Amino acid sequence: MIGIDAAGPRNAWLLLLFISAVSFGAAEYFAQRHLAIAAIMAIAAIKIIVILLRFMDIDRAPAGIRRYLFGWTFSCAGLIFVLWWAGTA
């Protein structure tokens with residue numbers, strides 16, 4: 001990596017660390033458990049998107065593959081939340 005892009009992976013790691021800290025904060029400080037789980041799952045999906053875009057170069061893939069992977073990511077996060085919600089009801 002040369003030029004501006006040379007700091008990209010370091011910045012992505014810093015972003016992932018920050019997002020992880022936000023996830024930890026959501027787990028610790030949300031009073032309502034279902035809001036904490038929803039926030040954690042949304043944050044996990046965002047982390048996956050960062051990894052897909054920054055480390056797996058999905059931004060260079062065909063649009064169909066990008067849509068599939070983004071849809072899969074958010075579908076899995078939503079399904080896990082729904083299954084958790086159904087299990088606690």
Side-chain angles (χ1 to χ4, degrees):
M1 291 188 201
I2 299 172
I4 294 173
D5 203 45
R10 183 185 66 228
N11 292 340
W13 278 111
L14 293 174
L15 177 62
L16 289 170
L17 286 171
F18 174 75
I19 293 172
S20 295
V22 171
S23 178
F24 177 76
E28 290 294 320
Y29 299 113
F30 275 7
Q32 296 178 350
R33 192 170 180 194
H34 65 280
L35 289 178
I37 297 295
I40 290 168
M41 293 312 301
I43 292 167
I46 292 169
K47 286 171 65 173
I48 292 170
I49 295 299
V50 169
I51 291 167
L52 286 173
L53 290 173
R54 199 63 208 139
F55 296 108
M56 298 180 71
D57 292 329
I58 297 301
D59 54 344
R60 296 182 185 141
I65 293 174
R66 282 193 312 262
R67 281 193 298 265
Y68 173 77
L69 289 172
F70 294 161
W72 177 261
T73 298
F74 288 110
S75 297
C76 286
L79 180 63
I80 290 169
F81 177 73
V82 167
L83 290 173
W84 174 83
W85 185 284
T88 60

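Just so it is clear, the model here is predicted, and its values are computed rather than measured. All residue numbers refer to positions in the sequence shown, counting from 1.
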Atom pair CG/CE of L79 and M41 - distance to nearest 0.5 Å = 9.0 Å
Any chance you could measure F74, atom CZ, to L69, atom CG, to the nearest 0.5 Å?
-> 11.5 Å
Please round to the nearest 0.5 Å and tell me the distance separating atom NZ of K47 and atom CG of L17.
-> 8.5 Å
Validation row: F70, L53 side chains within 4.5 angstrom (heavy atoms) = yes
Any side-chain heavy-atom pair of W72 and L52 under 4.5 Å = no
For A36, side chain to side chain contact (heavy atoms under 4.5 Å, CB included) partners two or more places apart | F30
F18 reachable from F24 in the ILVMFWY side-chain graph, under 4.5 Å edges | no
Assign the ring pair H34 / W85 to parallel, tilted or perpendicular, where the plane angle (0 to 90°) is split at 30° and 60°.
-> perpendicular
CD1 on I58 to CD1 on I48, rounded to 0.5 Å | 12.5 Å
CG-CD1 distance between L35 and I40, expressed to the nearest 0.5 angstrom | 11.0 Å
Any link between I51 and W13 through a network of hydrophobic side chains (Ile, Leu, Val, Met, Phe, Trp, Tyr) touching at under 4.5 Å?
-> yes
State yes or no: do L15 and I43 share one hydrophobic cluster built from I, L, V, M, F, W and Y residues joined by side-chain heavy-atom distances below 4.5 Å, directly or via other members?
-> yes
A12 to F55 - nearest heavy-atom pair and separation | CB-CZ, 3.8 Å
Can any side-chain N or O of S20 pair as donor or acceptor with the backbone N or O of L16 at less than 3.5 Å?
-> yes
